[in-house]
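Remarks on the structure that follows.
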Amino acid sequence: MTASAIRALFAVANRPEVVSLAGGMPNITDLPLDVVGSILHELVISNGRQAMQYSAGQGEPALREAICEVMRLEGITAHPDDVTVTVGSQQGLDLVTRIFCDPGDVVLCEAPSYVGALGVFRASQCEVVHVAMDEHGLRPDALAQALEGVHATGKKVKFLYCIPNFHNPAGVSETLERRTAILDIARRADLLVVEDNPYGLLGFDGEPTPAMRSLEEDRVIYLGSFSKTFAPGFRVGWVLAPHAVREKLVLAQESATLCPPAFSQYAVSAYLANHDWRGQIKIFREMYRERRDAMLAGLADDMPAGTSWTVPAGGFFVWVTLPPGLDSHAMLPRAVTARVAYVPGTAFYADGFGSRHMRLSYCYPTPERIREGTRRLGEVLAYETGVLETFGPGSAEDSRAALRPYEAPGANQE
Ligand SMILES: Cc1ncc(COP(=O)(O)O)c(C=O)c1O
């Protein structure tokens, strides 16, 4: 296990003078704390002894029923018996990986992929094989090719891990056609699909695209979470899995935690029962949309020629591709000196790829701060491309030592 780039960054990026476009923390400023407070107060008064006890390893039945209602919004029909409550969807992924993977087994992941998932796969000593994406998500032709490639080596692919909605970090979503094509390939190859969907209800346009699990019950394991639609502090997520897998999940959950925290589960159930949670998700969506718009406008105004980025229709992230020759990892200390932070693309690959990319998050800062962040980033990139043009490709690192250290105009104004 190694520290992720995000973790190492947090200490610096959290300083108030730095505009952090790095962390992907949900923005719960709009959550009405008085309402949540009185729901929790009522919970403790009326049912505190049960809520503060151990509970069932699979999770509370009332919550599992409510989870089925939440999943219906994305076209999923499920029985509460097939839901296992977890400590965030992160624990769901960890349990699924423990159940299926032995050291050396192959897991297919999009390129790029969620840094927290790569950490889980690394801890289980899995080999990650990346599968190319484009602006419509995972490419079915690349999936077929990756499967062929792994089979040729005699290794076992245990599952495909994917994030079809508002991808972290790529910011793109799979079209319905793509989902169908990927599931067709999975059926033919007898491949299990792990669908990670924490952002699905945070789309900015129209209705959610049907979840992969709504199209195929038997070979999709679905991971859900209340972290982005309610609050991450309760650490409540879930796994919806085919029956045989669910039985193993409960055993794995019991050996990991005995049971997921009862208090958090009762709290989420009470919130869902007593608050207009659908209305609250709409409020979150509008807030994130405003921030997405600020970031896209900032990128259009501030990025130098040769930079491109994805246009997310929901979620928290934009994936930026830098002009050839620039290295987001090497550039990060200079960006932080210029008081803007991002996550270098290399964090999202298991194989060291990604240095021409960066992930920008728009979820947390205000629109004004986002615009300031892209302005600072634009200046850093302009400087870096200037170095590259003057000294040629490959010389950027060496020649930079001969130049004065980068300092953003206005760097001492705050
Ligand atoms: C794609 C993805 N999966 C899973 C998680 C973990 O979420 P949870 O808080 O439910 O553990 C995150 C959190 O950022 C995420 O982006």
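Atoms within each ligand, like the ligands themselves, are counted from 1 in listed order.
Atom 7 (O) of ligand 1 has its closest protein heavy atom at Ser89 OG, 3.3 Å. Of all protein heavy atoms, the one closest to atom 1 (C) of ligand 1 is Asp196 OD2, 3.4 Å. Looking only at heavy atoms of the protein, atom 5 (C) of ligand 1 is closest to Tyr114 OH, 3.3 Å. Remark: minimum distance from atom 16 (O) of ligand 1 to any protein heavy atom is reached at Tyr199 OH, 2.6 Å.
In this structure, His167 does not count as a contact residue of ligand 1, since none of its heavy atoms falls inside 4.0 Å of the ligand. Contact analysis leaves Gly116 out of contact with ligand 1, as no non-hydrogen atom separation drops below 4.0 angstrom. For the pair Ser227 and ligand 1, a heavy-atom separation below 4.0 Å is found. Ligand 1 lies within reach of Lys228, whose nearest heavy atom is under 4.0 Å from it.
Contact atoms of ligand 1 toward Arg235: 8 (P), 9 (O), 11 (O) (distance under 4.0 Å to a heavy atom of the residue). Taking every heavy atom of Pro198 and a limit of under 4.0 angstrom, the matching atoms of ligand 1 come to 1 (C), 2 (C), 3 (N), 15 (C). Distances below 4.0 Å separate heavy atoms of Ile163 from the following atoms of ligand 1: 1 (C). Residue contact check: Asn168 has heavy atoms under 4.0 Å from atoms 15 (C), 16 (O) of ligand 1.
Checked against a 6.0 Å centroid threshold, the rings of Phe317 and His167 do not count as neighbours. For Phe226 and Phe234, the ring centers are positioned 6.0 Å apart or more.
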* Asked: Stepwise, does the ring-ring contact (aromatic ring centres under 6.0 Å, His included) test hold for Phe316 with Tyr199?
  -> CA-CA 8 Å; Phe316 293 1; Tyr199 304 101; 5.0 Å; yes
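Shortest non-hydrogen contact noted between Ser89 and Asp196 is OG-OD1, 4.1 Å.
Within 6.0 Å of CZ on Arg219 lie more than 12 heavy atoms contributed by other residues, nucleotides or ligands.
Using cut-offs of 30° and 60° on the angle between ring planes, the pair Phe121 and Tyr161 is perpendicular.
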